[in-house]
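Heads up, the thing below is written out as structure tokens.
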There are 2 protein chains.
Amino acid sequence: MTAIRVLLVDDHLVVRRGLRALLGTQPGIEVVGEAASGEEALALVPELQPAVVVMDLAMGAGMDGIEAIRQLRAFNPRQAILVFTTYDSDADIVRAVDAGAMGYLLKDAAPGEIFAAVRGAVEGKSVMSPPVASRLFQQLRNPGEILTPREAELLSLLTEGLSNRELGKRLFISEATVKTHLAHIYGKLGVDTRAAAIATAIRREGMR
Amino acid sequence: MTAIRVLLVDDHLVVRRGLRALLGTQPGIEVVGEAASGEEALALVPELQPAVVVMDLAMGAGMDGIEAIRQLRAFNPRQAILVFTTYDSDADIVRAVDAGAMGYLLKDAAPGEIFAAVRGAVEGKSVMSPPVASRLFQQLRNPGEILTPREAELLSLLTEGLSNRELGKRLFISEATVKTHLAHIYGKLGVDTRAAAIATAIRREGMR
DNA sequence: GGGTCTCTCAGCCATTTGGCTGATTCCAGG
DNA sequence: CCTGGAATCAGCCAAATGGCTGAGAGACCC
């Protein structure tokens, strides 16, 4: 059997080297390349033909990980992609899985977990860290809390500290509409003030 | 000349391996050990006698990096410590430097920067990533923004999303007093709504 | 003793926010 | 074609918030 070809995508050199050091020692796994950004990953994949792409979600400037996943899958729907990131925010997990990630590992995962995830990914298996799985489960169990795209957009701006008037101008809608969206958001988040909504959003979603 | 003995402290195995891979190739630098927590670092230092401790600030459960730095310095005031972390929040930087860190690097630092920082640390030089230095400079340049203890306490609770009434009850003061404190906080933060204050606080201070 | 800082509280008033009800348009799914 | 979700807007009213001025008590420094 030929080795599993892996492409590493992370904006931190240190992390790439660490993964290379860990995965490189494993028989049957070969790191064929590294990319420091989503753009770079998209450029390298056609050339390197990796079986698995291991990538971080947060990648400094430029394209974020979610978008990179989406585009990789658009290019090749069978491309196996493993998310390897630091935080386990609800929104990120759902979006990554939605975009087509096969697995979701946290950076404090044990080496064995990482090897298993890489091997599993090529077979189409879905591997995720226990804390991630539990969060994803909660999300599925509680679909009522999912915000609509417009609501999410508004919530994101809300965490910048804007007033209703400013939100309206920014989104080209009336203040009345802003209030309606906010009321829906409060309901879904289980809060009743904008301050609590901001606090919840930043803590739950890693919005910063 | 003998090699510079380095101890790596980070809760992520991947990061430790990456640092080891990077530093290990450098002549004159020797990685003598790794620790996954502040407690572990404190236990290893007396035994390994590293010239430089390279450590992350955020370390999952248990002792945080700041506290680890403080205790290492208490044990040996001449211990050189380099902070190597992901985020550059104002408060973290100030607290780390205050606790006795010699340098402050971000995880996207270039290899050369890291080598230079390790070498500089043993000579007592202070090395920090440019974005970090600029933030630190701003802090020093603008001491007028320092909150009083009570104000800081209030701001911290504010980021939990409490109302004025709740803040008053929690701090055993009247709502009027809460409003006075808030007005002062807004002035110092340069904002004029509680939403903006929360956003600023969480983003500037890493309050989560 | 006088000045300064911090923390405490009060009252007044304009603005903002939140809760409610109801309505229209558009679009996707059955 | 009907239903339902999503997004848009309106009006009303109570509550919360923010800006202002003023003020007393205690601590600390010179």
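Worth knowing before you read on, the calculation uses all heavy atoms, side chains too, and leaves out hydrogens, waters and symmetry mates. The shown structure was predicted, so the numbers you read here are calculated from the model rather than taken from an experiment. Numbered from 1 within each chain, the chains take letters A, B, ... in sequence-line order.
Here the P atom of nucleotide D/dA15 and the CD atom of B/Glu166 are 16 Å apart, to the nearest Å. One can place CG of A/Leu154 at 12 Å from P of D/dC9, the figure rounded to the nearest angstrom. Between A/Ile198 atom CD1 and C/dT17 atom C1' the separation is 12 Å, expressed in whole Å. For the pair B/Leu182 CG and D/dG19 C1', the interatomic distance rounds to 12 Å; values are reported in whole Å. One can place CD of B/Glu175 at 17 Å from C1' of C/dC7, the figure rounded to the nearest angstrom. Rounded to whole Å, the distance from CG on B/Asp192 to P on C/dA14 is 19 Å. Distance B/Arg150 CZ to C/dC7 P: 8 Å, rounded to the nearest Å. The CD-C1' distance, from B/Glu151 to C/dC5, rounds to 11 Å in whole Å.
Of the two residues contacting DNA chain C, namely B/Lys179 and B/Thr193, the nearest-nucleotide position lying further toward the 5' end is that of B/Lys179. For B/Val191 and B/Thr180, each mapped to the nucleotide of DNA chain D holding its nearest heavy atom, the one lying further toward the 5' end belongs to B/Val191.
Residue-level contact check: A/Thr177 touches the bases, meaning some heavy atom is under 4.0 Å from a base atom. When heavy atoms are screened at a 4.0 angstrom cut-off, A/Ala183 is found touching no nucleic acid atom at all.
For B/Asn164 and D/dA16, the shortest distance from a side-chain N or O to OP1 or OP2 is not below 4.0 Å. Contact check, B/Arg194 against C/dT17: no side-chain N or O comes under 4.0 Å of OP1 or OP2. Here B/Ser163 does not reach the OP1 or OP2 of D/dA16: none of its side-chain N or O atoms lies under 4.0 Å away. Note on A/His184: every side-chain N or O is 4.0 Å or more away from OP1 and OP2 of D/dA6.
With respect to the salt-bridge test (charged N to carboxylate O, under 4.0 angstrom), the residues A/Lys169 and A/Glu166 do not qualify. Taking the charged nitrogens against the carboxylate oxygens, A/Glu67 and A/Arg70 do have a contact shorter than 4.0 Å, which makes a salt bridge.
Proximity note for A/Ser174 (side chain, C-beta onward) versus C/dT8, D/dA7, D/dC9: the nearest is D/dC9. In this structure, the nucleotide among C/dT8, C/dA10, D/dA7 sitting nearest to the side chain of B/Ala176 is C/dA10.
A search for side-chain contact (heavy atoms from CB on, under 4.5 Å) contacts involving B/Asp192 returns nothing, not counting sequence neighbours.
Between the side chains of B/Thr177 and B/Ser174, at least one donor N or O sits under 3.5 Å from an acceptor N or O.
Panel note: side chain A/Gln71, backbone A/Ala68; no donor-acceptor pair is recorded below 3.5 Å.
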